Amino acid sequence: SEKPFKDAYIEKTITLTKKNAYPWEYDAIQVGDKYFDGDQTVFEVLDKKSTDITVQSPDFYGNNSDSTLDLKKYIIVKAKTKVNIIDNQLFFGPEQKIILGKTLNISTNNFTFNDYTVSKVE
């Protein structure tokens with residue numbers, strides 16, 4: 001076809017989660033933080049929640065004990081995003097498929113969401 005394909009963008013609310021996150025990650029995420037692609041806002045943090053968890057890390061000798069406990073967080077982030085529909089599949093940007101269980105990497109003005117898992121798409 002000589003006509004360029006028309007991208008079909010729609011707005012979706014997604015929930016991202018991360019296990020074993022550092023406490024500073026939760027503190028760095030800001031509600032209202034956005035990613036602007038030069039044309040429109042394509043990602044915006046709507047809400048964030050966390051639960052404290054404790055993880056045992058092995059010591060120098062590979063042993064786990066109460067002295068090797070690390071405080072971590074389970075982070076839940078709700079975000080509004082613009083996605084492109086290609087063959088009935090949702091994509092963020094040209095390559096990141098939005099599907100349950102897949103990780104999503106995106107940078108906003110104040111934070112880089114690295115290895116956050118898509119756990120819900122509304």
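Worth knowing before you read on, the calculation uses all heavy atoms, side chains too, and leaves out hydrogens, waters and symmetry mates. Positions are given from 1 along the sequence. Only a predicted model underlies this, so the values are computations on that prediction, with no experimental measurement involved.
The main-chain N or O of I75 is never found under 3.5 Å from a side-chain atom of T17 such that the two would form a donor-acceptor pair. Remark: side-chain polar atoms of D87 are not paired, donor with acceptor, to backbone N or O of Q89 under 3.5 angstrom.
Aromatic ring orientation, F113 versus F111: perpendicular (interplanar angle above 60°, classes split at 30° and 60°).
Atom CG of D27 is separated from atom NZ of K48 by 6.0 Å, given to the nearest 0.5 angstrom. If you take NZ on K78 and NZ on K120, they are separated by 6.0 Å, rounding to the nearest 0.5 Å. Put simply, CD1 on I76 and CG on L16 are 11.0 Å apart, with the number rounded to the nearest 0.5 Å.
With F43 as the aromatic partner, K80 does not meet the cation-pi criteria of under 6.0 angstrom to the ring centre and within 45 degrees of the ring axis. Taking the ring axis of Y26 as reference, the NZ or CZ atom of K73 stays within 45° of it and closer than 6.0 Å to the ring centre.
Closest approach of E44 and T41 over heavy atoms only: CB-CG2, 4.5 Å. Residue T112 comes nearest to S107 through the heavy atom pair OG1-OG, 3.0 Å, listed as atom of the first residue, atom of the second, then distance. Taking each heavy atom of V45 and I29 in turn, the nearest pair found is CG1-CG2, 4.2 Å. Closest of all the heavy-atom pairs between T81 and V42 is OG1-O, 2.9 Å. Shortest non-hydrogen contact noted between K102 and K97 is CD-O, 3.3 Å. Summarising the geometry of Q96 relative to L104, their closest heavy-atom pair is OE1-CD1, 3.2 Å, with the distance given to 0.1 Å.
Two residues are said to be in side-chain contact when any heavy atoms from C-beta on lie closer than 4.5 Å; K12 and E122 fail this criterion. A 4.5 Å side-chain heavy-atom check between L90 and I99 finds every atom pair outside the cut-off.
With sequence neighbours excluded, the residues satisfying side-chain hydrogen bond (donor to acceptor under 3.5 Å, both in side chains) with Q30 are N110.
Residue-environment remark: OH (Y22) stays at or below the threshold of 12 foreign heavy atoms within 6.0 Å.
Looking at E25 and K18, a side-chain N of the basic residue comes within less than 4.0 Å of a carboxylate O on the acidic one, giving a salt bridge.
Using a 4.5 Å cut-off between side-chain heavy atoms of Ile, Leu, Val, Met, Phe, Trp and Tyr, with links allowed through other members, I10 and V121 fall into the same hydrophobic cluster.
When each of I106, N105, I14, V118 is checked for a side-chain contact (heavy atoms from CB on, under 4.5 Å) with F92, only I106 meets the rule. Exactly one of V77, T15, V31, T13 qualifies for a side-chain contact (heavy atoms from CB on, under 4.5 Å) with L46. That residue is T13.
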